[in-house]
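Just so you know, these numbers use all the heavy atoms, side chains as well, and skip hydrogens, waters and symmetry mates.
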Amino acid sequence: MTRIDARFAELRAAGRKAFVSYIMAGDPDADTSLEVMKGLPGAGVDIIELGVPFTDPMADGPTIQLAGQRALAAGMTLEKTLAMARAFREGDDTTPIVLMGYYNPIYNRGVDKFLVDAKAAGIDGLIVVDLPPEEDDELCIPAAKAGLNFIRLATPTTDDKRLPKVLTNTSGFVYYVSITGITGAAAAEATDVGPEVARIKAQTDLPVIVGFGIRSPETAQTIAGVADGCVVGSAIVGEMAAGRPVAEVLEFVRGLAEGAHRA
């Protein structure tokens, strides 16, 4: 059982929905992003998604693209992202960490070396948005053998013919993208999301977590209410981009978490 599996078991036992937060490693710099990361569990975050900056982030909207550019300009790399996870683990051995990004930096490092290093750094799961199920032998299956969850995205365009393929070899949870488009592009609507979550849950026992388009405690509550939890990324990254002090960023996160936990 991974930390992700254990966390969802705890949440189910407590009758609570999950709140997942995304931050970009190294944005605006390594020290600040680590300080925010260390404060996330205390702000109510159940699972942390840690973005790995990449030069060609095709699934991300302007907010997260710019975060990646700031992180790269500040010298953040995959190696330093893993070091950030190791530093976090010195004080927290229970909060799950999911690395989210693209395959190129992993391929460049070498899959076998990456998996050993990620496991040693305390990483629990991977979201690699540009590796479809047809490429499972590349990373998904080796990751599972190494004890890491491989979390797949389902979208409004994932029809009933495609969905079983997407769910094959997926573990940890399913990340449902609530809108058609890039991160931060539109608002999620529970009336649209609810039936889609039900459709996915009819084909898997995995938790379904909804992301994209959640920017307020109220939306976090309504979306978490029709799923097993929600993810917020761009709204948090936007607070950091505005230069808010770490304490204010974490207070913003706390409000979102409380919204999700009210569901």
Side-chain angles (χ1 to χ4, degrees), residues 1-14 16-23 25 37 40-41 45-52 59 81-82 85 88-89 92-103 106 111 114-133 135-155 158 163-178 196-197 199-212 214 223-224 227-233 257 260:
M1 179 180 281
T2 66
R3 290 184 186 90
I4 295 170
D5 300 328
R7 180 53 51 93
F8 278 112
E10 292 168 9
L11 289 165
R12 278 193 300 273
R16 253 172 100 153
K17 302 299 179 77
F19 180 69
V20 184
S21 70
Y22 170 97
I23 62 168
M37 186 181 183
L40 292 175
V45 172
D46 297 301
I47 298 171
I48 296 170
E49 284 182 9
L50 185 61
V52 181
T81 302
L82 294 175
F88 175 84
R89 283 281 173 245
D92 185 318
D93 194 44
T94 57
T95 303
I97 302 172
V98 176
L99 279 190
M100 186 170 187
Y102 299 84
Y103 185 46
I106 296 170
V111 167
F114 166 75
L115 291 173
V116 169
D117 293 345
K119 188 72 176 174
I123 301 301
D124 304 292
L126 305 173
I127 300 175
V128 183
V129 297
D130 54 348
L131 273 184
E135 306 295 338
D136 273 0
D137 289 339
E138 283 282 327
L139 180 61
C140 174
I141 292 171
K145 289 178 179 176
L148 295 170
N149 291 128
F150 197 89
I151 296 146
R152 195 90 67 188
L153 302 180
T155 75
T158 307
L163 184 59
K165 186 74 172 176
V166 168
L167 295 174
T168 300
N169 298 322
T170 298
S171 64
F173 61 92
V174 179
Y175 187 135
Y176 179 69
V177 176
S178 66
E196 290 297 292
V197 170
R199 183 170 67 92
I200 295 166
K201 290 179 78 68
Q203 297 199 36
T204 182
D205 293 330
L206 292 171
V208 179
I209 303 299
V210 177
F212 287 47
I214 301 169
I223 295 298
D228 295 299
C230 67
V231 185
V232 178

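No side-chain heavy atom of Phe88 sits under 4.5 Å from any side-chain heavy atom of Leu40. Side-chain contact check for Val128 versus Phe150: some heavy-atom pair is nearer than 4.5 Å. You'll find the side chain of Ile209 reaches within 4.5 Å of the side chain of Phe8, heavy atoms only. Side chains of Ile4 and Ile151 form a contact here, defined as non-hydrogen atoms less than 4.5 Å apart. Between Ile223 and Ser178, every side-chain heavy-atom pair lies at or beyond the 4.5 Å cut-off. Contact annotation: the side chain of Leu99 approaches that of Phe114 to within less than 4.5 Å [non-hydrogen atoms, C-beta and beyond].
Between the CG atom in Asn169 and the CG atom in Asn149 there is a gap of 12.0 Å [rounded to 0.5 Å]. To the nearest 0.5 angstrom, Leu206 atom CG is 8.5 Å from Lys201 atom NZ. Atom OG1 of Thr94 and atom CZ of Arg3 lie 8.0 Å apart (nearest 0.5 Å). Here the CG atom belonging to Leu167 is positioned 6.0 Å from the CD atom belonging to Gln203, to the nearest 0.5 angstrom. Ile106 CD1 to Asp117 CG: the interatomic distance, rounded to the nearest 0.5 Å, is 11.5 Å. Put simply, OG1 on Thr81 and CD1 on Ile123 are 8.5 Å apart, with the number rounded to the nearest 0.5 Å.
In this structure, Ser21 contributes its side chain and Val232 its backbone to no donor-acceptor pair below 3.5 Å. With hydrogens and angles disregarded, no donor-acceptor distance shorter than 3.5 Å links the side chain of Lys17 to the backbone of Cys230. Side chain of Arg16 to backbone of Glu10: no donor-acceptor contact under 3.5 angstrom is found. Judged by distance alone, with hydrogens and angles left aside, the side-chain atoms of Thr204 form no donor-acceptor pair with the main-chain N or O of Ile200 at under 3.5 Å. Between the Asp46 side chain and the Val20 main chain, no donor and acceptor come within less than 3.5 Å of each other.
Here the shortest heavy-atom pairing between Ile214 and Val231 reads CD1-O, 3.7 Å. For Leu50 against Ala25, the heavy-atom pair with the smallest separation is CD1-CB, 3.8 Å. The two residues Arg199 and Thr158 make their nearest non-hydrogen contact at NH2-O, 2.7 Å. Minimum heavy-atom separation, Val129 to Met100: CG1-CE, 4.1 Å. Closest of all the heavy-atom pairs between Ile47 and Val45 is O-CG1, 3.2 Å. Considering all non-hydrogen atoms of both residues, Ala18 and Leu11 come closest at CB-CD1, 3.5 Å.
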Task: Tyr175 vs Thr170, side chain to side chain contact (heavy atoms under 4.5 Å, CB included): CA-CA, chis, key distance, verdict - done: CA-CA 10 Å; Tyr175 187 135; Thr170 298; over 6 Å; no
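Remark: Asp228 does not engage Arg12 in a salt bridge, criterion side-chain N to carboxylate O under 4.0 Å.
Among residues two or more places apart in sequence or in another chain, the side-chain hydrogen bond (donor to acceptor under 3.5 Å, both in side chains) test is passed with Lys165 by none. Here Asp92 pairs with Arg89 under the salt bridge (charged side-chain N to carboxylate O under 4.0 Å, His left out) rule; sequence neighbours left out.
For residues 135-145, every residue pair satisfying the salt bridge (charged side-chain N to carboxylate O under 4.0 Å, His left out) rule, not counting sequence neighbours, is listed here: Asp136-Arg152.
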